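Comments concern the structure below.
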Amino acid sequence: AILNTSSYMHASSTPFPSSVAMRVVDVVGTIAGCGKYETEPMVRSLVALGTVLLLPGGSGSEVKELAKERSIGSMVERVAAGHGEMASAVSKEIMSVLSS
């Protein structure tokens, strides 16, 4: 559901407030923090995170700055380390977005 939500937000012609996108970031943080998810759900959660970081307009920029303040990058790297090649690849993309 979180990937569907982030994809809808990205494809929508109506801009979403950054508070909605930050809710996606919070949910991904909760999923990552619990440590109970297998590889595929974790990769899908990371893709959702990357998607909201790339939202068009000011929302994406604001979400990216808030994610940096919350040290989302370190969480992403930690989670990806235990979930295989795909998670590592998505993590690298997220880190690239956060550093731009």
Side-chain angles (χ1 to χ4, degrees):
I2 190 108
L3 181 54
N4 292 344
T5 300
S6 65
S7 296
Y8 177 78
M9 291 172 67
H10 194 274
S12 177
S13 59
T14 305
F16 283 83
S18 59
S19 60
V20 175
M22 282 310 296
R23 184 68 186 131
V24 172
V25 174
D26 291 340
V27 170
V28 171
T30 300
I31 290 169
C34 79
K36 295 183 179 183
Y37 287 89
E38 294 177 1
T39 298
E40 183 162 341
M42 190 55 61
V43 168
R44 292 171 67 82
S45 297
L46 291 174
V47 170
L49 172 62
T51 302
V52 296
L53 293 174
L54 293 171
L55 287 175
S59 292
S61 299
E62 190 173 337
V63 171
K64 189 167 32 172
E65 289 306 312
L66 290 170
K68 288 178 188 179
E69 289 173 14
R70 293 183 182 187
S71 301
I72 293 297
S74 62
M75 181 268 307
V76 166
E77 289 178 327
R78 178 183 49 80
V79 168
H83 286 92
E85 291 179 29
M86 184 62 79
S88 292
V90 174
S91 169
K92 287 178 186 173
E93 292 293 325
I94 289 171
M95 296 308 290
S96 175
V97 169
L98 289 173
S99 67
S100 64

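It should be emphasised that the depicted structure is a prediction, and the values quoted were computed from it without experimental measurement. Residues take their numbers from the sequence shown, with the count starting at 1.
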Which atom names give the shortest non-hydrogen contact between Ala67 and Leu53, and what distance separates them?
CB-CD2, 3.9 Å
Non-hydrogen atoms of Ser6 and Ala48 that approach each other most closely
OG-CA, 3.3 Å
Taking distance alone, no hydrogens or angles, what donor-acceptor pairs closer than 3.5 Å link side-chain atoms of residues 76-97 to residues at least two apart or in another chain?
| from | atom 1 | to | atom 2 | distance (Å) |
| --- | --- | --- | --- | --- |
| His83 | ND1 | Val79 | O | 2.8 |
| His83 | NE2 | Tyr37 | O | 3.1 |
| Ser88 | OG | Gly84 | O | 3.2 |

I'd like to know whether Val24 forms a side-chain contact (heavy atoms from CB on, under 4.5 Å) with Met9, so could you lay out the CA-CA distance, the side-chain angles of the two residues, the decisive distance to 0.1 Å, and finally the verdict.
CA-CA 10 Å; Val24 172; Met9 291 172 67; 4.2 Å; yes
Search all heavy atoms of Ala21 against all heavy atoms of Val63 and return the closest pair with its distance.
CB-CG2, 3.3 Å
Residues Ile31, Arg44; criterion side-chain contact (heavy atoms from CB on, under 4.5 Å); working and verdict
CA-CA 11 Å; Ile31 290 169; Arg44 292 171 67 82; over 6 Å; no
Backbone N or O of Tyr8 within a donor-acceptor pair of the Ser12 side chain at under 3.5 Å?
no
Considering all heavy atoms of both residues, which atom of Ser59 and which atom of Ser18 are nearest to each other, and what is their separation?
OG-N, 4.0 Å
Once rounded to the nearest 0.5 Å, what's the spacing between atom CE of Met22 and atom CG of Leu66?
5.0 Å
Heavy-atom pair of closest approach, residues Ser74 and Ser71:
OG-O, 2.9 Å
Restricting to side-chain hydrogen bond (donor to acceptor under 3.5 Å, both in side chains), what partner residues turn up for Ser100, sequence neighbours left out?
Lys64
Any chance you could lay out the side-chain contact (heavy atoms from CB on, under 4.5 Å) test for Leu49 and Ile72, step after step, and finish with the verdict?
CA-CA 10 Å; Leu49 172 62; Ile72 293 297; 3.6 Å; yes
